[in-house]
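Single-structure report; data block below.
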Amino acid sequence: MFFFASCSTVHFDNSIPENSNVLKTFPEDLIGKYYFADSILKIENKEPLYNLKYFSELYKEKDSIKLILGEILITERQVYLYSEQKSYYNLAKFDSSIIALKHKKEKRRVDGKYLIFEESSLVDTILNLDNSDQLKFYDGIYYLNRFIQEKDWVVYQFIISGNNIFSMNLTNEQDEKAINNTTSRTIFYTIKHLSNKDFKRFIRNGGFREKYGLKKYPL
């Protein structure tokens with residue numbers, strides 16, 4: 001998953017909030033298609049990316065640039081992510097053979113003086129309530145608990161801010177340092193345990209620090 005993927009993202013050994021009820025479906029007013037609202041997307045440990053929705057022609061002003069489109073679809077029981085990335089290079093400024101080595105898995109084409117690499121569009125499932133994933137609601141916020149394996153969950157925070165503004169938030173390196181409870185099992189990420197008391201403190205101190213603004217497409 002291009003967005004929502006980070007080596008320092010915290011996983012949990014329990015779904016959170018721990019004692020909250022599990023919802024069977026999303027409410028009807030949340031079902032629909034959303035797009036990433038930020039004009040520049042700041043991905044942890046990566047260079048900022050320009051939003052293709054707003055800057056589709058910006059490559060004409062740059063020697064090189066990466067543009068990305070991100071959309072989320074919420075159905076009654078699933079949440080899907082769609083993303084598309086385009087990288088533009090001015091052929092007069094760059095050695096095409098060297099650039100090609102950095103984009104070996106991407107489709108390429110030439111448009112005028114630009115060499116363009118396009119990452120295959122993808123659909124990734126963030127949440128599927130027909131499997132073992134869980135949707136929880138606490139204090140006006142939804143928590144999307146994605147089951148990876150036993151005692152291994154990825155959690156997304158979905159916030160409704162009003163005026164057609166939403167955000168999808170996840171943990172980052174700062175969050176990892178803010179949680180003291182660590183299980184004995186770590187892979188390439190850290191697995192934490194959050195009791196209800198720990199969870200409330202974590203939220204109060206600004207947990208889920210990696211935030212992506214969303215807007216809902218009109219019907």
Side-chain angles (χ1 to χ4, degrees), residues 1-20 30 34-51 54 66-72 74 79-81 83 85 119 122 124-127 133-162 165-215:
M1 192 160 32
F2 182 80
F3 294 102
F4 308 146
S6 168
C7 291
S8 58
T9 296
V10 181
H11 290 207
F12 300 92
D13 69 359
N14 57 329
S15 66
I16 59 174
E18 193 170 46
N19 294 332
S20 293
L30 288 188
Y34 301 74
Y35 61 89
F36 284 81
D38 300 309
S39 57
I40 297 178
L41 298 167
K42 297 180 179 179
I43 313 299
E44 186 190 356
N45 299 326
K46 297 181 182 292
E47 62 181 286
L49 302 172
Y50 291 91
N51 193 332
Y54 303 120
K66 289 184 179 180
L67 302 173
I68 193 158
L69 174 69
E71 296 178 329
I72 286 177
I74 296 180
V79 180
Y80 300 103
L81 169 71
S83 69
Q85 180 178 327
E119 186 175 296
L122 61 90
D124 200 353
T125 304
I126 295 176
L127 191 80
D133 298 345
Q134 294 183 358
L135 174 65
K136 294 186 173 184
F137 186 73
Y138 174 81
D139 199 21
I141 297 174
Y142 292 89
Y143 291 89
L144 287 61
N145 288 268
R146 184 179 182 180
F147 179 79
I148 305 300
Q149 58 185 329
E150 185 179 358
K151 293 188 177 298
D152 189 351
W153 299 78
V154 174
V155 182
Y156 307 91
Q157 186 188 58
F158 187 81
I159 294 180
I160 305 169
S161 301
I165 301 297
F166 307 81
S167 69
M168 184 78 83
N169 310 327
L170 64 159
T171 55
N172 64 9
E173 186 175 359
Q174 288 177 293
D175 289 313
E176 192 274 332
K177 294 177 180 178
I179 308 171
N180 295 323
N181 299 326
T182 307
T183 69
S184 59
R185 182 165 63 92
T186 57
I187 309 173
F188 57 90
Y189 45 78
T190 303
I191 297 178
K192 301 282 190 176
H193 177 80
L194 276 188
S195 65
N196 268 18
K197 182 179 179 181
D198 294 330
F199 167 77
K200 291 177 182 179
R201 182 174 63 249
F202 180 57
I203 298 303
R204 189 167 58 246
N205 292 334
F208 294 91
R209 289 170 173 81
E210 192 160 338
K211 302 180 185 298
Y212 298 92
L214 301 173
K215 286 186 179 180

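Keep in mind that the numbers below use all heavy atoms, side chains included, and drop hydrogens, waters and symmetry copies. The residues of the chain are indexed from 1 along the displayed sequence.
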TODO: Would you please name every residue forming a ring-ring contact (aromatic ring centres under 6.0 Å, His included) with Tyr35, sequence neighbours left out?
DONE: Tyr217
Task: Student check: side-chain heavy atoms of Ile191 and Trp153 closer than 4.5 Å - done: no
- [ ] Taking all non-hydrogen atoms of both residues into account, name the closest pair between Gly213 and Asp38 and its distance.
- [x] N-OD2, 3.0 Å
Task: Sidechain-backbone polar pair: Asp175 side chain, Phe208 backbone, donor-acceptor under 3.5 Å - done: yes
Task: Gap separating the CG atom of Leu214 from the CD1 atom of Ile72, nearest 0.5 angstrom - done: 5.0 Å
Task: Nearest heavy atoms of Asp198 and Arg201, plus distance in Å - done: OD1-NH2, 2.9 Å
- [ ] Check whether any side-chain heavy atom of Glu18 sits under 4.5 Å from a side-chain heavy atom of His193, and report yes or no.
- [x] yes
Open item on the list: Once rounded to the nearest 0.5 Å, what's the spacing between atom CG of Leu69 and atom CG of Asn51?
Closed with: 6.5 Å
Open item on the list: Centre-to-centre under 6.0 Å for Tyr143 and Phe199, is that the case here?
Closed with: yes
TODO: Might you point out which heavy atoms bring Asn14 and Leu194 nearest each other, and give the distance in Å?
DONE: ND2-O, 2.9 Å
Open item on the list: Could you work out, with ring-ring contact (aromatic ring centres under 6.0 Å, His included) as the rule, every residue matching Tyr80, not counting sequence neighbours?
Closed with: none
Task: Donor-acceptor contact present, side-chain Lys192 to main-chain Val10, <3.5 Å - done: no
TODO: Measure the NZ-CZ distance between Lys211 and Arg209 for me, rounded to the nearest 0.5 Å.
DONE: 8.5 Å
- [ ] Taking all non-hydrogen atoms of both residues into account, name the closest pair between Tyr156 and Met168 and its distance.
- [x] CB-SD, 3.9 Å
Task: Exam field: side chain Asp133 to backbone Phe147, donor-acceptor pair closer than 3.5 Å - done: yes
TODO: Kindly indicate whether the side chain of Tyr142, heavy atoms from C-beta on, has any atom under 4.5 Å from the side chain of Leu30.
DONE: yes
Task: Donor on one side chain, acceptor on other, Gln157 and Asn169, under 3.5 Å - done: yes
TODO: Taking all non-hydrogen atoms of both residues into account, name the closest pair between Leu127 and Gln134 and its distance.
DONE: CD1-O, 3.7 Å
TODO: Give a yes or no on whether the backbone of Pro17 and the side-chain of Lys136 come within a donor-acceptor separation of less than 3.5 Å.
DONE: yes
TODO: List the steps, then state whether side-chain contact (heavy atoms from CB on, under 4.5 Å) holds for Leu144 with Leu135.
DONE: CA-CA 5 Å; Leu144 287 61; Leu135 174 65; 4.0 Å; yes
Task: Close side-chain approach of Phe158 to Ile74, heavy-atom, < 4.5 Å - done: yes
Open item on the list: Looking at Asn196, is its backbone amide N or carbonyl O close enough to the side chain of Asn19 to form a donor-acceptor pair, meaning the two atoms are under 3.5 Å apart?
Closed with: no
Open item on the list: Return the CG to CZ distance between Asp152 and Arg146, rounded to the nearest 0.5 Å.
Closed with: 11.0 Å
Task: Asp139 CG to Ile203 CD1 distance, which is reported to the nearest 0.5 Å - done: 9.0 Å
Task: Shortest non-hydrogen contact from Phe36 toward Gly70 - done: CD1-O, 2.9 Å
Task: Test salt bridge (charged side-chain N to carboxylate O under 4.0 Å, His left out) applied to Lys177 - qualifying residues, sequence neighbours left out - done: Glu173
Open item on the list: With heavy-atom distances below 4.5 Å as the criterion, would you say the side chains of Lys215 and Ile165 are in contact?
Closed with: yes
